[in-house]
Amino acid sequence: MIKPRVRFAPSPTGKLHLGSARTALFNFLFAKSQKGTFILRIEDTDKERSLKEYEEDIISSLNWLGLYPDEEIVRQSERLDLYERVVKHLINKGYAYYCFCSKEELEAKRQEQLTRGEPPRYSGKCLQLSPQEVNKKLDSGEKYVIRLKVPNKVIFYKDFLRGEIPYDFRLLGDFVIAKNEREPLYLLATPVDDHYQGITHVIRGEDHLPNTPKQILIYKYMEWDIPVFVHLPLILGPDRTKLSKRHGAKSISEYREEGFLPEALLNFLVLLGWHPEGDREIISLDEMIKEFKLEKLNKNPAVFNLGKLIYFNRYYLKKKTTKEILELLDFSSYGNWQGDNFKALNGNIYSLEKIFKIIEMGKERASVIPEILSSVDFFFKSFDYPKELLVWKNSSFVEIENNLQKIKEIFYKIKEEEFVAPKIKEILDKISENNKGSYFWPLRVALSGKEASPPPFEIAEVLGKEKTLELINEAIKKLKSFQ
Ligand code: GLU
């Protein structure tokens, strides 16, 4: 088999969103699995809507996902000579023609056809113009577009997953392929590039299905080999409507800013239309490359499930080493680094070793990167809580106060170097006997101000004996107060 050449061809009219990233991923996987070539082509022929910032967002998002192109990036705006040559060739061969009809004229015709119950399509009026008439109009600077002649019949075209699909050109009419020789529209520019870039497989979203027969027509008129067309299934929201922001679908860069990991996004994306063998769902990019098969793509719509993305993110966060996570974290809203020590906003100073422990605790509860620190922010910031929160189930304020007093007295006697989680836990287990909640719970609240936090003995170790005693005292003070 010849080595495939595939391309991802986004229009830079918006950020790289989930659906496009999935298209990029499947192209990349197919190329890599077959030792082929993955190309990135920026389709920026729409001058009004194409923005450099979107192009940059697309490229940086692909890089972040690790979907690097194998060749230099190609921009359609830099290939206008090529499209001009093809347009002129199509005109010379009589496959395309100039159309001088005004917008008003076209609209009036459209209305007429609709009232007659006919499909609205171009009448073919300008096809009747003689070469002399056309030249005269061109010379006098009349405005025009270029249309492609379509056959007056149904044709069949092939999709790799769906087989032969009929397309009725009689309903379409001659369609516009360029605003002028140097302003091609998508329908023309894309097959021209696919041909000249030697693309063997066009893998793109199902929304492009109706474009395929139109583009195949251009291949036929130009006598080019037709690539294999593969249309990826639609992505729907959980309510089975077209995926949108409403369903929590965002651009890749937004997910990145929110603290999702590229591994999680890739894993999530690949399952929107493909599945590895067996029941397993966790799969790395390298494994995807090894296992990917084009024929295993699903043609039924894929359903987006945000919960799944969060599940993958938690999974991949947990798998990272603490050191790897340290590099991903932004500590700026919690204090600042002073060499290897971190000085928190509440004045606490943590060694790197303690920061590692904090990260391990935070990692347990986090779905996205920033939650690693925000779920344990009590280490860094002063906090407050209502005194009722200290109370465990049916216990009274007095009972809780006594229990905290007891804890305090025992902690006081522990030597500084022995103030470590297992030892603290052992002591708490001993004094709390069969009423654990009424000791562990108030201690947790005293040390974190939260209902949900890592175990209090782990927090105590990191805070150190002095700070722990200080926070227990504050809790006792709260319980004694009358408000
Ligand atoms: N530029 C087109 C788009 O962004 C894709 C072209 C294609 O894949 O054929 O929708």
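For ligands, and for the atoms within them, numbers begin at 1 and follow the listed sequence. As the structure is a computational prediction, the values presented were derived from the model and not from experiment.
The backbone and the side chain of Ser11 each have at least one atom closer than 4.0 Å to an atom of ligand 1 (non-hydrogen atoms only).
Nearest to atom 10 (O) of ligand 1 among the protein's heavy atoms is His208 NE2, 3.1 Å. In this structure, the protein non-hydrogen atom closest to atom 9 (O) of ligand 1 is Arg204 NH1, 2.6 Å. Of the protein's non-hydrogen atoms, Ala9 O, 3.2 Å is the one closest to atom 5 (C) of ligand 1.
Here's the thing with Val202: none of its N/O atoms is less than 3.5 angstrom from an N/O atom of ligand 1. Backbone and side-chain nitrogen or oxygen atoms of Arg7 are examined, and one is located within less than 3.5 angstrom of a nitrogen or oxygen of ligand 1.
Each of Arg41, Arg5, Glu71, Arg79 was scored for a side chain to side chain donor-acceptor pair (under 3.5 Å) with Gln197, with one residue passing: Arg41.
With Asp159 contributing its side chain and His231 its backbone, the two residues share a donor-acceptor pair below 3.5 Å. Judged by distance alone, with hydrogens and angles left aside, the side-chain atoms of Asn27 form a donor-acceptor pair with the main-chain N or O of Thr23 at under 3.5 Å. Without hydrogens or angle criteria, Ser50 side chain to Lys47 main chain gives no donor-acceptor distance under 3.5 Å.
Listed by number with element, the atoms of ligand 1 under 4.0 angstrom from any heavy atom of Thr190 are 9 (O). Those atoms of ligand 1 that come under 4.0 Å of a heavy atom in Glu43, given as number and element, are 1 (N), 2 (C), 5 (C), 6 (C). In the vicinity of Tyr186, heavy-atom distances shorter than 4.0 Å reach the ligand 1 atoms 2 (C), 6 (C), 7 (C), 9 (O). Residue Pro10 has at least one heavy-atom neighbour below 4.0 Å for each of these atoms of ligand 1: 4 (O).
Here CZ of Phe378 is found 9.0 Å from CZ of Arg444. Values are rounded to the nearest 0.5 Å.
Among residues at least two apart or in separate chains, side chain to side chain donor-acceptor pair (under 3.5 Å) pairs with a member in residues 29-38 are Lys32-Asp70.
Taking the six-membered ring for Trp and thresholds of 30 and 60 degrees, Tyr186 and His208 have ring planes inclined between 30 and 60 degrees apart.
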